[in-house]
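Heads up: the structure comes next, in C-alpha cells.
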Amino acid sequence: MSLRIYNVMSRQKEEFAPLTPGRVKMYACGITVSGDAHVGHAYQSVVFDVITRYLAYRGYDVTYVRNYTDVDDNIIKNANAIGVDPMRFAEEHIVTTDAQMDALGNNRPTVMARATRCIDDIIEFIKKLIDGGHAYVADTGDVYFKLDTFPGYGKLSHINLDKNEIAVRKDTEPGKQNELDFALWKSAKPGEIYWESPWGRGRPGWHIECSAMNMRFLGEQIDIHGGGRDLVFPHHENEIAQTESVTGKQFAKYWVHCGLVKINGQKMSKSLGNGILLRDMLAQYDADTIRFALLRNTYSNDIDITDDFFPVAHRHVYRMYSTLAAAKDADKSKVDDTKTAQKIAEITLEFESAMDDNFNTSHLIANAFGWFDFIDAELRKPQPTYDVKAIGEHIVKLFGVLNILQQDATKYVSDTKNAFLRDKNMSEDFINERIAERAHAKQERDFARSDAVRDELLAMGLSIRDTPTGTVWDVKI
RNA sequence: GGCUUGGUGGCAGAGUGGUUAUGCAGAGGACUGCAAAUCCUUGUAUGCCGGUUCGAUUCCGACCCAAGCCUCCA
C-alpha cells in the first residue's frame, strides 16, 4: 500500500516518491490580499492543510510553504480607494486572514512567506535571469521574461506556442519584445509604492515572487507544488519557466491543483455578487461543519455550494458527535478485545486506502458513515460486544488528519443544543415542562393533547423520542 | 478558435474489465396509542456511436454536451 498522487504534469496518478526519502517539500500558492478571504480560499487552504496532515500521518517530515502576495495592482487600487497605505492595507488583511484560517482549523504552514519580505531574493532571481539571457530590461524600466528562451514552455498546461494557441492580449505593454513575454519587475508609477532595484524603482511581478520564495525556503527543487486550478496557466507555467531557466533542473515533481468553488451552479465572481466570505461562513457554521462539507468532495473537482451544502454537513457532524458521545458511556461488560482490535484494524485499512488514493476524502467519508452505523448498531445492544469507546477514539484519531471531530463530543452536542435554545430564546426548563405535560396527557390517554404538545415542539425544531428510560429531546438540525 | 477536465440513479458524489460506494430525497416494513426519531428492506444510473475483449460504466477512437483556463483570480 502506498500513496498515489494525481500529477497534473503527467495527467495520471503516480506513486509518491519524494526527492529525499522521508522528507517532503511542498509549496502552495496562497492569497493575494487585495480583499477578504472567501470560500475558494478556504477550500484550497483546507485541501493543502489536509494533504500536509496526511503526509505527516504517513511519517514524512513536511516543510510546507505558503505565500501571501502583499503587493500588486489590486492591492494598490483597493487601498487607494479607501485612502489607506497599501502596505498597511495588506498587513491588516493578512492578520485577519490568518485569524480566519486558524478558526477554520488549519495548521499554520511551516513558512508563511510574503512577497515584500523577499524583495532581495526576487531581485537576485531576476538578475540571474537577465545574466542568463532569459530576461531583458525595457526602456520603461520594466523587466520581462523572454519567453522564447524557454523551450519547455507550456508543458504543464499543454499549450503549444508555435500554434499560437494563446489569445493575444489587446493592450500590449509598450516595452515588450513579444506580446507573450511576462513581467518580472514593474516600474513604479508616480506616487506608487516602490523598492529600489538595479532597474530603477518598482515592484515585483506576480509570478517571480513564487519562484523566488520557493528558491529561498525550499531550494531549487521541490516535491509538491499546489494551488487552485485557475493558476495552472499562466502562473504555474511561468514559475516553471523562471525557475527551470535558472536551475536547469525539474522544478516540482508533483503538481497538485484543487478545484474551484461555484455558488448555486454559477462561478463565484465579484460581478455576480455571489461570493461567500470566509468570515460569514465562520459566523454561521463551526469549523467541523465547514471542513466536512468541503472535504466530502474530491479535492480536484469543483464544488458547487447550494443552499443545503453546509446544513447537511452540520447534520452529519452533529450525528457523528452524538454517536461518539454515546459511545463513551457504553456498557463494557461483554466487550471482546480481539474483535475490537480487528475492527480497528479494518477501519484503519479503509482510512489509509482511501487517503492513499490521491487523498480521496470523499471515499473516506463514505467509509466513515459505515463506521458510525456500526457503532450505533452496537449501542443499541444492551451489552455491546465491541468496545465502541475505543473504536470511537480510534476514529477520532484518524479524523485528526481532516481536523474534524477533534472537539469533546459531549460538549459539542450540548453546545449545539444550547446554541439552538439561545437562538430560539428558549429554556431547557420550558422543554422539560412541555415533556412533563405530554407525559401527563398520555397517562390520562388524552392523546389529542399529547400530540398537540409534540407537534408544537416539532414546529419549534425539537424532536422528542420515547425511550425505555423516559422521553428525551433533541434538536432537529 | 486552442488547451484542460468532466459527462454515473430524482439530486449530490465515489470506486471498479465481470455482483455498481456513500449521502439527501422516495417506497415498503418494524417500533408506537398514533406520530416523530431510529432501525431494517428496497426501486431507480454509467451522454452517443464504433473498436478491443468471453465480457466495458471502466481501456481505445470518433462525435455530442458542459465547465474551467487562454485578462487579475484559490
Side-chain angles (χ1 to χ4, degrees), chain A residues 6 8 11 28-32 34-35 37-48 66 69 72-75 77 154 156-161 163-171 180 182 206 226-237 257-262 265-270 275 278 292-293 296-306 308-309 311-313 315-316 319 350 353-354 357-358 360-370 373 376-377 379-380 441-442 445-448 450-451 454-455 457-459 462-467 471-474 476:
Chain A
Y6 182 83
V8 172
R11 285 176 286 181
C29 291
I31 301 175
T32 299
S34 57
H38 54 64
V39 218
H41 299 126
Y43 182 38
Q44 192 258 27
S45 65
V46 167
V47 163
F48 287 98
R66 191 174 169 83
T69 297
D72 91 320
D73 291 343
N74 286 324
I75 293 172
K77 193 180 78 185
L156 181 67
S157 54
H158 307 99
I159 54 164
N160 188 339
L161 293 182
K163 291 187 182 167
N164 206 9
E165 286 170 353
I166 304 173
V168 177
R169 293 181 62 170
K170 295 172 186 83
D171 54 339
L180 297 178
F182 56 89
W206 176 39
R229 218 185 41 225
D230 51 344
L231 297 188
V232 173
F233 188 89
H235 185 56
H236 289 164
E237 203 68 76
H257 293 100
C258 97
L260 271 27
V261 174
K262 291 187 288 189
Q266 282 187 311
K267 189 191 167 181
M268 188 166 59
S269 76
K270 280 178 187 158
L278 179 51
F292 185 91
R296 270 195 83 181
N297 178 276
T298 313
Y299 77 82
S300 56
N301 285 355
D302 291 347
I303 282 184
D304 188 7
I305 298 187
T306 51
D308 62 355
F309 186 76
V312 168
R315 229 168 283 149
H316 287 304
R319 182 254 171 152
E350 285 183 7
S353 53
D357 180 19
N358 195 33
N360 194 333
T361 53
S362 177
H363 204 173
L364 162 61
I365 287 173
N367 288 338
F369 284 128
D373 285 347
D376 280 339
L379 285 171
R380 278 193 300 279
K442 277 178 69 168
R445 303 194 67 78
D446 183 356
F447 295 122
S450 70
D451 289 354
R454 188 186 60 210
D455 291 343
L457 291 173
L458 198 60
L462 295 165
S463 71
I464 53 175
R465 183 167 43 119
D466 298 324
T467 73
T471 301
V472 295
W473 67 273
D474 203 346
K476 274 171 69 89

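U44(B) and U4(B): their P atoms are spaced 38 Å apart (whole Å). For the C1' atoms, the distance linking C69(B) with G17(B) amounts to 34 Å, nearest Å. When the C1' atom is used for both C72(B) and G15(B), the distance is 38 Å, rounded to whole Å. The P atoms of A36(B) and U20(B) are separated by 32 Å, rounded to the nearest whole Å. For the C1' atoms, the distance from U53(B) to A12(B) is 34 Å, rounded to whole Å. Distance noted for atom C1' between G13(B) and A27(B): 22 Å (whole Å). When the C1' atom is used for both A67(B) and C31(B), the distance is 48 Å, rounded to whole Å. Comparing G29(B) with A21(B), their C1' atoms are spaced 25 Å from each other, to the whole Å.
Centre separation under 5.5 Å together with a plane angle under 30° does not hold for the ring of Y43(A) and the six-membered base ring of A74(B), so they are not marked as stacked.
Residue N297(A) has no polar side-chain atom (N or O) positioned under 4.0 Å from OP1 or OP2 of A12(B). At the phosphate of A74(B), OP1 or OP2 sits under 4.0 Å from a side-chain N or O atom of T32(A).
Contacts of H38(A) with the nucleic acid, taken as non-hydrogen atoms under 4.0 Å apart, include base atoms. Note on G40(A): a base of the nucleic acid sits closer than 4.0 angstrom, heavy atoms only. As judged by a 4.0 angstrom heavy-atom cut-off over every strand, V261(A) is placed among the base-contacting residues. When heavy atoms are screened at a 4.0 angstrom cut-off, G30(A) is found touching the sugar-phosphate backbone but no base atom.
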Protein proximity profile, nucleotides 4-10 of chain B - base contact B, sugar-phosphate-only contact S, no contact -, cut-off 4.0 Å on heavy atoms: SS-----

Audit row: R229(A), D302(A), side-chain contact (heavy atoms from CB on, under 4.5 Å) steps and yes/no: CA-CA 9 Å; R229(A) 218 185 41 225; D302(A) 291 347; 3.3 Å; yes

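Remark: K442(A) engages D466(A) in a salt bridge (Lys or Arg N to Asp or Glu O under 4.0 Å) (not counting sequence neighbours). Under the ring pair (Phe, Tyr, Trp, His ring centres under 6.0 Å) criterion, F447(A) pairs with no residue at all, not counting sequence neighbours. By the ring pair (Phe, Tyr, Trp, His ring centres under 6.0 Å) test, H236(A) pairs with H225(A), W255(A), H257(A), sequence neighbours left out. When the ring pair (Phe, Tyr, Trp, His ring centres under 6.0 Å) test is applied to F48(A), no partner is found at least two apart in sequence or on another chain. Residues passing the salt bridge (Lys or Arg N to Asp or Glu O under 4.0 Å) test with R454(A) are D451(A), sequence neighbours excluded. Every residue two or more places apart in sequence or in another chain was checked for a salt bridge (Lys or Arg N to Asp or Glu O under 4.0 Å) with D474(A), and none qualifies. Residues passing the ring pair (Phe, Tyr, Trp, His ring centres under 6.0 Å) test with F182(A) are F145(A), H207(A), sequence neighbours excluded. The salt bridge (Lys or Arg N to Asp or Glu O under 4.0 Å) search around D72(A) returns none, not counting sequence neighbours.
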Every protein N/O within reach of nucleotides 25-31 of chain B N/O, cut-off under 3.5 Å:
none

Can you tabulate the close N/O pairs, meaning under 3.5 Å, that link protein atoms to atoms of nucleotides 35-39 of chain B?
unit_1, atom_1, unit_2, atom_2, d
A35(B), N3, R454(A), NE, 2.7
A35(B), N3, R454(A), NH1, 2.5
A35(B), N3, R454(A), NH2, 3.3
A36(B), N3, I464(A), O, 2.9

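Between the S300(A) side chain and the G259(A) main chain, no donor and acceptor come within less than 3.5 Å of each other. A donor-acceptor pair is defined here as one N or O able to donate and one able to accept, closer than 3.5 Å; no such pair exists between the side chain of Q44(A) and the backbone of G226(A).
Partner of Y299(A) under the side chain to side chain donor-acceptor pair (under 3.5 Å) criterion, out of N360(A), N358(A), T361(A): N358(A) alone.
What separates NE2 of H235(A) from P of C3(B) is a distance of 24 Å, to the nearest Å. Protein atom NE2 of H363(A) is 11 Å distant from nucleotide atom P of A14(B), rounded to whole Å. M268(A) has its CE atom 8 Å from the C1' atom of A74(B), to the nearest Å. Atoms CZ (F309(A)) and P (A12(B)) sit 13 Å apart, rounded to a whole Å. For the pair I303(A) CD1 and G23(B) P, the interatomic distance rounds to 19 Å; values are reported in whole Å. Here the P atom of nucleotide G2(B) and the CG atom of L180(A) are 18 Å apart, to the nearest Å. Spacing between atom CG of L260(A) and atom P of C69(B) amounts to 7 Å, rounded to whole angstrom units. Taking atom CZ of residue R296(A) and atom P of nucleotide C11(B), one finds them 17 Å apart after rounding to whole Å.
Where pairing requires Watson-Crick or G-U contacts shorter than 3.5 Å, the helical stems of RNA chain B with at least three consecutive pairs are B:1-7 with B:64-70, B:10-12 with B:22-24, B:26-30 with B:38-42, B:49-51 with B:59-61.
Between T32(A) and N74(A) there is no side-chain heavy-atom pair separated by less than 4.5 Å.
Closest approach to the D357(A) side chain among C72(B), A67(B), G15(B) is made by G15(B) (side chain taken as heavy atoms from C-beta onward). Considering only the side chain of D72(A), C72(B) comes nearest among G23(B), C72(B), G33(B). Comparing G13(B), A74(B), G33(B) by their closest approach to the side chain of S362(A) singles out G13(B).
Atom NE2 of H38(A) is separated from atom CG of L278(A) by 10.0 Å, given to the nearest 0.5 angstrom. The structure places CG of D304(A) at 10.0 Å from CG of N297(A), a figure rounded to the nearest 0.5 Å. Between the CD1 atom in I31(A) and the CZ atom in R66(A) there is a gap of 6.0 Å [rounded to 0.5 Å].
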